[in-house]
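Heads up: the structure comes next, in C-alpha coordinates.
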Amino acid sequence: MSLAVRPATDDEVAFFRENGWVHLPGLLPPETVADLRATALARLAERDRARRSAVDQAFGQSRDIAETDQLFRSLTLDGTLGRTAARLLKGVAKVRVQVTNLLVKEPEGAGGHGATVFHQDFPWMPMDRSEMLTVWLALGDIPAEMGSLRFYTGSHRYGVLGRSFTREGDDQPSQHPWLADLPLSDPLDLAAGDATVHHALTVHGSGANLRDEPRLSFTVTYFDSDALYTGTPYAQTDGLGLEVNKPFDHPRFPEVTA
(Lines give C-alpha, C1' and ligand atoms only; values in the text may rest on other atoms or scores of the structure.)
Protein backbone atom coordinates (compact mmCIF):
# COMPACT_ATOMS: atom_id res chain seq x y z
CA MET A 1 0.00 0.00 0.00
CA SER A 2 1.43 3.37 -1.03
CA LEU A 3 0.67 6.17 1.43
CA ALA A 4 2.64 8.84 -0.46
CA VAL A 5 4.92 9.56 2.50
CA ARG A 6 7.51 12.09 1.37
CA PRO A 7 11.19 11.65 2.26
CA ALA A 8 13.07 14.19 4.34
CA THR A 9 15.33 16.56 2.45
CA ASP A 10 19.07 16.83 3.07
CA ASP A 11 18.48 20.22 4.71
CA GLU A 12 15.88 18.71 7.05
CA VAL A 13 18.28 15.92 8.02
CA ALA A 14 21.02 18.46 8.74
CA PHE A 15 18.63 20.59 10.81
CA PHE A 16 17.61 17.57 12.91
CA ARG A 17 21.20 16.51 13.54
CA GLU A 18 22.10 20.02 14.69
CA ASN A 19 19.01 20.88 16.72
CA GLY A 20 17.51 17.56 17.88
CA TRP A 21 14.16 18.22 16.24
CA VAL A 22 12.73 19.17 12.86
CA HIS A 23 9.42 20.24 11.32
CA LEU A 24 8.41 18.15 8.29
CA PRO A 25 5.54 19.99 6.56
CA GLY A 26 3.35 17.90 4.28
CA LEU A 27 4.78 14.55 5.35
CA LEU A 28 1.49 12.92 4.33
CA PRO A 29 -1.13 14.08 1.81
CA PRO A 30 -4.56 15.27 3.07
CA GLU A 31 -6.50 12.27 1.75
CA THR A 32 -4.32 9.82 3.68
CA VAL A 33 -4.62 11.90 6.85
CA ALA A 34 -8.41 11.99 6.57
CA ASP A 35 -8.56 8.19 6.60
CA LEU A 36 -6.17 7.99 9.55
CA ARG A 37 -8.13 10.61 11.48
CA ALA A 38 -11.43 8.75 11.09
CA THR A 39 -9.89 5.58 12.51
CA ALA A 40 -8.19 7.51 15.29
CA LEU A 41 -11.39 9.20 16.44
CA ALA A 42 -13.18 5.87 16.70
CA ARG A 43 -10.31 4.26 18.61
CA LEU A 44 -9.84 7.15 21.02
CA ALA A 45 -13.55 7.16 21.82
CA GLU A 46 -13.06 3.65 23.24
CA ARG A 47 -9.94 4.46 25.28
CA ASP A 48 -9.56 4.04 29.03
CA ARG A 49 -10.17 7.55 30.41
CA ALA A 50 -8.91 6.90 33.93
CA ARG A 51 -6.28 9.39 35.10
CA ARG A 52 -3.79 7.39 37.10
CA SER A 53 -0.63 9.36 36.44
CA ALA A 54 0.80 12.76 35.61
CA VAL A 55 0.92 11.68 31.96
CA ASP A 56 -2.84 11.10 32.02
CA GLN A 57 -3.32 14.68 33.20
CA ALA A 58 -1.42 15.97 30.15
CA PHE A 59 -3.02 13.92 27.36
CA GLY A 60 -5.07 10.83 26.59
CA GLN A 61 -3.67 7.95 24.60
CA SER A 62 -4.41 4.68 22.87
CA ARG A 63 -1.19 2.73 22.53
CA ASP A 64 -0.06 0.21 19.93
CA ILE A 65 -2.60 1.24 17.28
CA ALA A 66 -0.41 -0.34 14.59
CA GLU A 67 -0.81 -3.74 16.27
CA THR A 68 -4.47 -3.95 15.28
CA ASP A 69 -5.18 -1.44 12.51
CA GLN A 70 -3.85 -2.15 9.01
CA LEU A 71 -3.73 1.46 7.82
CA PHE A 72 -1.68 2.63 10.79
CA ARG A 73 0.50 -0.46 10.49
CA SER A 74 1.17 0.31 6.84
CA LEU A 75 2.22 3.83 7.79
CA THR A 76 4.40 2.63 10.66
CA LEU A 77 6.22 0.12 8.44
CA ASP A 78 6.39 2.41 5.41
CA GLY A 79 9.83 2.12 3.83
CA THR A 80 10.16 5.83 3.10
CA LEU A 81 9.32 6.74 6.69
CA GLY A 82 11.73 4.12 8.01
CA ARG A 83 14.54 5.36 5.77
CA THR A 84 13.90 8.92 6.92
CA ALA A 85 14.16 7.82 10.55
CA ALA A 86 17.46 6.03 9.88
CA ARG A 87 18.84 9.05 8.00
CA LEU A 88 17.95 11.43 10.80
CA LEU A 89 19.68 9.33 13.44
CA LYS A 90 23.47 9.23 13.63
CA GLY A 91 25.23 6.06 12.45
CA VAL A 92 22.02 4.04 12.13
CA ALA A 93 21.54 1.73 9.14
CA LYS A 94 18.08 0.39 9.97
CA VAL A 95 15.40 1.04 12.57
CA ARG A 96 12.88 -0.95 14.57
CA VAL A 97 9.48 0.20 15.77
CA GLN A 98 9.42 0.84 19.51
CA VAL A 99 5.80 1.91 19.96
CA THR A 100 2.89 3.57 18.19
CA ASN A 101 0.37 5.79 19.90
CA LEU A 102 -2.71 7.89 19.32
CA LEU A 103 -2.67 11.05 21.43
CA VAL A 104 -5.48 13.42 22.28
CA LYS A 105 -5.25 16.64 24.27
CA GLU A 106 -8.74 17.73 25.23
CA PRO A 107 -9.45 21.47 25.61
CA GLU A 108 -8.25 22.96 28.88
CA GLY A 109 -10.91 23.33 31.56
CA ALA A 110 -13.27 21.02 33.40
CA GLY A 111 -12.41 17.48 32.34
CA GLY A 112 -9.74 18.64 29.90
CA HIS A 113 -5.98 18.20 29.83
CA GLY A 114 -3.29 20.54 31.01
CA ALA A 115 0.20 21.29 29.76
CA THR A 116 2.69 18.53 28.98
CA VAL A 117 5.74 19.21 31.14
CA PHE A 118 9.13 19.42 29.46
CA HIS A 119 10.78 16.01 29.52
CA GLN A 120 13.00 13.54 27.66
CA ASP A 121 11.66 10.26 26.30
CA PHE A 122 14.75 8.10 26.71
CA PRO A 123 15.26 7.84 30.51
CA TRP A 124 12.60 5.11 30.74
CA MET A 125 13.90 2.95 27.92
CA PRO A 126 15.51 -0.54 28.15
CA MET A 127 17.82 -0.02 25.15
CA ASP A 128 21.62 0.19 25.46
CA ARG A 129 21.92 3.19 23.10
CA SER A 130 19.95 6.38 22.71
CA GLU A 131 19.67 6.78 18.94
CA MET A 132 15.88 6.92 18.95
CA LEU A 133 13.30 9.38 17.69
CA THR A 134 9.59 10.02 17.58
CA VAL A 135 7.58 11.12 14.56
CA TRP A 136 4.64 13.25 15.80
CA LEU A 137 2.01 13.53 13.04
CA ALA A 138 -0.84 16.04 13.11
CA LEU A 139 -4.13 14.28 12.30
CA GLY A 140 -5.88 17.61 11.87
CA ASP A 141 -4.90 21.24 11.76
CA ILE A 142 -3.11 22.07 15.02
CA PRO A 143 -2.51 25.78 15.56
CA ALA A 144 0.06 26.58 18.22
CA GLU A 145 -2.57 27.39 20.84
CA MET A 146 -3.82 23.79 20.68
CA GLY A 147 -0.52 22.64 22.18
CA SER A 148 1.88 21.74 19.39
CA LEU A 149 5.24 20.55 20.70
CA ARG A 150 8.10 22.88 21.58
CA PHE A 151 11.73 21.85 21.93
CA TYR A 152 14.84 22.98 23.80
CA THR A 153 17.05 23.24 20.75
CA GLY A 154 20.31 21.33 21.10
CA SER A 155 19.33 19.63 24.36
CA HIS A 156 19.91 16.20 22.78
CA ARG A 157 23.66 16.82 23.07
CA TYR A 158 23.64 16.70 26.90
CA GLY A 159 22.84 13.03 27.50
CA VAL A 160 20.24 11.50 29.79
CA LEU A 161 18.90 14.18 32.14
CA GLY A 162 16.56 12.08 34.30
CA ARG A 163 12.95 11.01 34.48
CA SER A 164 9.91 13.24 34.62
CA PHE A 165 6.24 12.47 35.42
CA THR A 166 7.27 10.64 38.62
CA ARG A 167 7.02 13.32 41.31
CA GLU A 168 6.00 16.94 41.78
CA GLY A 169 8.26 19.46 40.09
CA ASP A 170 10.37 16.95 38.17
CA ASP A 171 10.08 18.60 34.77
CA GLN A 172 13.44 19.05 33.08
CA PRO A 173 13.75 22.87 33.45
CA SER A 174 13.17 22.49 37.20
CA GLN A 175 15.79 19.77 37.49
CA HIS A 176 18.22 21.56 35.16
CA PRO A 177 17.77 25.36 35.23
CA TRP A 178 20.65 25.73 32.75
CA LEU A 179 18.24 24.61 30.02
CA ALA A 180 17.07 28.23 30.00
CA ASP A 181 20.37 29.05 28.26
CA LEU A 182 19.25 27.01 25.23
CA PRO A 183 16.84 28.37 22.61
CA LEU A 184 13.23 27.22 23.04
CA SER A 185 11.61 26.63 19.66
CA ASP A 186 8.78 28.92 18.64
CA PRO A 187 5.23 27.52 18.83
CA LEU A 188 4.37 25.84 15.52
CA ASP A 189 1.15 26.01 13.54
CA LEU A 190 0.74 22.55 11.99
CA ALA A 191 -1.52 21.59 9.12
CA ALA A 192 -3.03 18.12 8.90
CA GLY A 193 -0.29 15.85 7.57
CA ASP A 194 2.56 17.95 8.97
CA ALA A 195 4.89 16.27 11.44
CA THR A 196 7.55 17.15 13.91
CA VAL A 197 10.33 14.71 14.73
CA HIS A 198 12.35 14.83 17.94
CA HIS A 199 15.29 12.84 19.26
CA ALA A 200 14.64 10.76 22.39
CA LEU A 201 17.15 12.96 24.29
CA THR A 202 15.58 16.25 23.18
CA VAL A 203 13.74 18.03 25.98
CA HIS A 204 10.23 18.79 24.74
CA GLY A 205 6.76 19.66 26.01
CA SER A 206 3.64 21.58 25.12
CA GLY A 207 1.13 23.99 26.50
CA ALA A 208 -2.50 23.22 27.24
CA ASN A 209 -5.05 23.11 24.44
CA LEU A 210 -6.64 26.56 24.42
CA ARG A 211 -9.04 25.87 21.56
CA ASP A 212 -12.47 24.28 21.89
CA GLU A 213 -11.74 21.05 19.99
CA PRO A 214 -9.37 18.17 20.76
CA ARG A 215 -5.78 18.11 19.52
CA LEU A 216 -5.31 14.81 17.72
CA SER A 217 -1.99 13.24 16.71
CA PHE A 218 -0.30 9.94 15.91
CA THR A 219 3.19 9.06 17.06
CA VAL A 220 5.60 6.33 16.07
CA THR A 221 8.93 5.87 17.81
CA TYR A 222 11.84 4.22 16.02
CA PHE A 223 15.17 3.06 17.46
CA ASP A 224 18.46 1.68 16.21
CA SER A 225 17.90 -1.90 15.08
CA ASP A 226 21.32 -2.84 16.52
CA ALA A 227 20.33 -1.77 20.05
CA LEU A 228 20.57 -4.44 22.76
CA TYR A 229 18.09 -5.12 25.56
CA THR A 230 19.37 -4.04 28.99
CA GLY A 231 16.71 -5.70 31.15
CA THR A 232 15.59 -2.39 32.68
CA PRO A 233 12.02 -2.88 33.96
CA TYR A 234 9.58 -1.41 31.44
CA ALA A 235 5.92 -2.29 30.99
CA GLN A 236 6.19 -2.70 27.23
CA THR A 237 9.03 -5.25 27.39
CA ASP A 238 8.43 -7.03 30.71
CA GLY A 239 7.37 -10.62 30.17
CA LEU A 240 8.26 -10.83 26.47
CA GLY A 241 11.18 -13.19 27.02
CA LEU A 242 13.78 -10.79 25.64
CA GLU A 243 17.37 -11.72 26.49
CA VAL A 244 19.65 -9.20 28.15
CA ASN A 245 22.48 -8.06 25.84
CA LYS A 246 20.66 -9.42 22.77
CA PRO A 247 18.84 -7.48 20.01
CA PHE A 248 15.09 -6.84 20.11
CA ASP A 249 14.26 -9.75 17.82
CA HIS A 250 10.57 -9.96 18.65
CA PRO A 251 7.37 -9.35 16.65
CA ARG A 252 6.57 -6.36 18.89
CA PHE A 253 9.63 -4.55 17.50
CA PRO A 254 9.63 -5.12 13.74
CA GLU A 255 12.41 -3.83 11.53
CA VAL A 256 11.34 -1.40 8.83
CA THR A 257 12.50 -2.49 5.40
CA ALA A 258 12.48 -0.78 2.01
Side-chain angles (χ1 to χ4, degrees), residues 15-23 50-61 63 88-90 98-99 101 103-106 108 112-136 142 144-188 195-210 215 217 219-224 227-238:
F15 187 95
F16 180 88
R17 294 276 188 89
E18 176 69 19
N19 297 289
W21 67 275
V22 68
H23 175 205
R51 300 199 175 182
R52 304 181 182 90
S53 69
V55 172
D56 298 329
Q57 303 301 318
F59 51 82
Q61 55 186 324
R63 292 173 70 88
L88 292 173
L89 295 170
K90 184 73 171 178
Q98 187 254 328
V99 70
N101 213 348
L103 305 180
V104 59
K105 188 182 280 288
E106 301 285 359
E108 186 181 43
H113 294 108
T116 304
V117 303
F118 282 91
H119 64 283
Q120 290 179 312
D121 294 334
F122 188 74
W124 298 93
M125 300 299 172
M127 291 78 178
D128 74 336
R129 62 204 70 186
S130 59
E131 282 305 282
M132 175 185 293
L133 57 73
T134 294
V135 179
W136 196 99
I142 299 178
E145 59 265 34
M146 287 184 78
S148 58
L149 296 187
R150 301 182 71 183
F151 311 94
Y152 276 97
T153 297
S155 54
H156 65 306
R157 302 191 198 105
Y158 295 92
V160 180
L161 299 178
R163 294 179 175 181
S164 301
F165 298 111
T166 61
R167 58 197 186 281
E168 192 70 26
D170 66 1
D171 61 291
Q172 289 299 310
S174 295
Q175 294 189 59
H176 304 287
W178 56 264
L179 283 167
D181 295 333
L182 300 180
L184 180 60
S185 66
D186 293 332
L188 292 171
T196 57
V197 185
H198 62 271
H199 195 283
L201 293 177
T202 299
V203 177
H204 61 287
S206 76
N209 180 358
L210 304 181
R215 185 204 76 183
S217 60
T219 65
V220 52
T221 299
Y222 297 107
F223 67 102
D224 185 352
L228 305 180
Y229 177 57
T230 65
T232 298
Y234 188 59
Q236 187 195 24
T237 49
D238 294 347

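Owing to the predicted nature of the structure, the values given are computational and were not obtained by experimental measurement.
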Does T202 form a side-chain hydrogen bond (donor to acceptor under 3.5 Å, both in side chains) with S155? I'd like the steps, not just the answer. CA-CA 5 Å; T202 299; S155 54; 4.7 Å; no

Which label fits F15 and W21: parallel for a plane angle under 30°, tilted from 30 to 60°, or perpendicular past 60°? perpendicular

Using side-chain heavy atoms (C-beta onward) and a distance below 4.5 Å, is Q175 in contact with L161? no

Closest contact, heavy atoms only, S148 versus L188: OG-O, 2.6 Å

Rounded to the nearest 0.5 Å, what separates atom CG in L149 from atom OG in S217? 7.5 Å

Minimum side-chain heavy-atom gap T116-F165 below 4.5 Å: yes

Do R150 and P187 make a side-chain contact, defined as non-hydrogen atoms from C-beta onward lying under 4.5 Å apart? yes

Would you say H199 and L89 make side-chain contact, with heavy atoms under 4.5 Å? yes

Please evaluate residues Y158 and L182 with respect to the criterion side-chain contact (heavy atoms from CB on, under 4.5 Å), reporting the C-alpha separation (whole Å), side-chain torsions for both, the decisive distance (0.1 Å), and the verdict. CA-CA 11 Å; Y158 295 92; L182 300 180; 4.1 Å; yes

Can you tell me how far apart CG (N209) and CD (E108) are? Round to the nearest 0.5 Å. 8.5 Å

For the side chain of Q236 and the backbone of Q98, is there at least one donor-acceptor N/O pair under 3.5 Å apart? yes

Looking at P173 and L179, what are the two nearest heavy atoms and their distance? N-CD1, 3.9 Å

Could you note down all residue pairs passing side-chain hydrogen bond (donor to acceptor under 3.5 Å, both in side chains) where residues 121-130 supplies at least one of them, sequence neighbours left out? H119-D121, D121-H198, D121-H204

Would you mind reporting whether N19 and F151 have side-chain heavy atoms less than 4.5 Å apart? no

Side-chain heavy atoms of T134 within contact of T221, under 4.5 Å: yes

When rounded to the nearest 0.5 angstrom, what distance separates OH in Y229 from OH in Y234? 11.5 Å

Looking at every non-hydrogen atom in both residues, tell me the closest pair between R167 and R163 and how far apart they are. NH1-O, 4.2 Å

Of all the heavy-atom pairs spanning V197 and F16, show the shortest one and how long it is. O-CE1, 3.7 Å

Side chains of R215 and H113: closer than 4.5 Å at any heavy-atom pair? no

Which atom names give the shortest non-hydrogen contact between G114 and K105, and what distance separates them? O-NZ, 2.8 Å

Q172 side chain vs G162 backbone, donor-acceptor pair below 3.5 Å: yes

Spell out, as yes or no, whether a donor-acceptor pair under 3.5 Å connects the side chain of T230 to the backbone of P126. yes

Expected output: side-chain E131 to main-chain K90 donor-acceptor under 3.5 Å: yes

Could you give the distance from CG (D171) to CZ (F118), rounded to the nearest 0.5 Å? 9.0 Å

Salt bridge (Lys or Arg N to Asp or Glu O under 4.0 Å) with E106: which residues, sequence neighbours excluded? R47

Is W136 close to L103 at the side-chain level, that is, under 4.5 Å between some pair of heavy atoms? yes

